[in-house]
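Since the structure comes first, as structure tokens, the remarks are kept for the end.
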Number of protein chains: 2
Amino acid sequence: MEATPTNRMKDWKAQASDLSQCPVRQVLDHVSAKWPVLILMELEQGPVRFNALLRALPDISKRMLTQSLRNLERDGIVRREVFDTKPPSVCYSLTELGEGFLPHLLAMVDWAEKGMPHIAAARAAFDRA
Amino acid sequence: MEATPTNRMKDWKAQASDLSQCPVRQVLDHVSAKWPVLILMELEQGPVRFNALLRALPDISKRMLTQSLRNLERDGIVRREVFDTKPPSVCYSLTELGEGFLPHLLAMVDWAEKGMPHIAAARAAFDRA
DNA sequence: CTGGATCCAACTCGATACTG
DNA sequence: CAGTATCGAGTTGGATCCAG
């Protein structure tokens, strides 16, 4: 069977409702969650250290930053490098896989920004009713 | 100031950490959540009725389907049409805004699928360590 | 500096029952 | 058919303390 977009989607749907059975969904959930999005956009500027990220993202907690970075690292989207200095420092950066994802993320942000007038109008109309 | 991607991103970051203050993040969260993704892909095939959606998405509950559809409708991504027949029927479809979003969604799915070999390898390597 | 471990409050979501 | 209402289990995430 040819892997047309439509066919792919159907195969996809068959497993997609069971999140734990669909690898694609797992990755998508990791990258689209609240903090990973912001982390990825920080990393686009170049390699960053842990505490720098912590400062750059004013409202994230250490717990969530660590957890998000671990997910991204495990999926091969972010690279973690430990330098055995004193005190120790850890540097995070995008892998090639991660760099390949950023355009899609930015495209969605762009779509959302360009659509905001429509969205705001829709919300106002909806809330009136 | 020119609205380059970089500049836009900086403006963005200023508010992004406070989810309730960033409209873009709100929309992104709505569309990237677990069920909305699947709903949107169903809707791509054409208008669907409530119960049809319920059947198409085996594991979704009425509660979540209603809630997800309401969010999408409020953001102007999904159109809801009520036909006053007996029994009543409600038809959901993509708005133009929603159709404009789907390519981005599909692109991300595509990226995830194409990257799965890398991701699986990364996960295996990570779990060994 | 870079985390791990634990506790606890808040929110999420599914199941169930009910309505026009 | 297309929802709404309510409740309880489960999950999430922030705060705090500890460690290499």
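Values reported hereafter were calculated over all heavy atoms of this structure, with side chains retained and with hydrogens, waters and symmetry mates removed.
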Rounded to the nearest angstrom, tell me the gap between atom CD in B:Q67 and atom P in D:dT6.
15 Å
Just call it for A:K62: base, sugar-phosphate, or nothing, with non-hydrogen atoms closer than 4.0 Å on any strand.
base
Contact nearer the 5' end of DNA chain C, comparing B:M64 with A:T66:
A:T66
Calculate the interatomic distance between A:K86 atom NZ and C:dT2 atom C1'; express it in whole Å.
16 Å
Phosphate oxygens OP1/OP2 of C:dC1: is one of them under 4.0 Å from a side-chain N or O of A:Y92?
no
Roughly how many Å is it from CG in A:L69 to C1' in C:dG4, rounded to a whole number?
15 Å
Closest heavy-atom contact between B:R25 and A:A33?
NH2-O, 4.3 Å
Rounded to the nearest Å, what distance is computed from the CG atom of residue A:L54 to the P atom of nucleotide D:dA15?
12 Å
Starting at the 5' end of DNA chain C, which residue's closest nucleotide do you reach first, B:P88 or A:P87?
A:P87
Between B:R80 and D:dA2, is there a contact of a side-chain N or O with OP1 or OP2 at under 4.0 Å?
no
Just how large is the angle between the end axes of the helix from C:dC1-D:dG20 to C:dG20-D:dC1, five pairs per end, to 10 degrees?
50°
Taking CG from A:D84 and P from C:dC1, how many angstroms apart are they, rounded to a whole number?
16 Å
Sugar-phosphate only, base, or nothing, as touched by B:F83 at under 4.0 Å among non-hydrogen atoms:
nothing
Considering non-hydrogen atoms only, spot the tightest contact between B:L40 and B:L102 and give its length.
O-CD1, 3.8 Å
With respect to the side chain of A:F50, which nucleotide from D:dG13, D:dA2, C:dT2 is positioned closest?
C:dT2
Smallest separation among heavy atoms of A:P58 and A:A56, with atom names:
CD-O, 3.1 Å
Could you tell me the separation between the CD1 atom of B:I60 and the P atom of C:dG14, rounded to a whole number of Å?
8 Å
Just to confirm, is there a sub-4.0 Å distance from OP1 or OP2 of C:dC1 to any side-chain nitrogen or oxygen of A:R49?
no
Side chain of A:R63 only, heavy atoms from C-beta on: which candidate in D:dC1, D:dA15, C:dT2 is closest?
D:dA15
Between B:T85 and B:S89 the two heavy atoms that sit nearest each other are OG1-N, 3.7 Å
Rounded to the nearest 0.5 angstrom, the CZ-OG distance for B:R79 and B:S93 is 4.0 Å
If only side-chain N and O atoms of B:W35 are considered, is one of them under 4.0 Å from the OP1 or OP2 phosphate oxygen of C:dG14?
yes
For B:I77, does its backbone N or O pair with a side-chain atom of B:T95 as donor and acceptor, under 3.5 Å?
yes
Where the side chain of A:S89 is concerned, which of D:dG3, C:dG3, C:dT2 is the nearest nucleotide?
C:dT2
Taking atom C1' of D:dC1 as reference, at what distance in whole Å does atom CD of B:E81 sit?
17 Å
Which nucleotide in the list D:dC1, D:dG13, D:dG14 gets nearest to the side chain of A:S61?
D:dG14
With a 4.0 Å cut-off on N to O distance, would you call A:K114 and A:D110 a salt bridge?
yes
So, the side chain of A:R123 versus the backbone of B:D75: is there a donor-acceptor pair under 3.5 Å, distance only?
no
How many whole angstroms separate atom CG of A:D29 from atom P of C:dC13?
11 Å
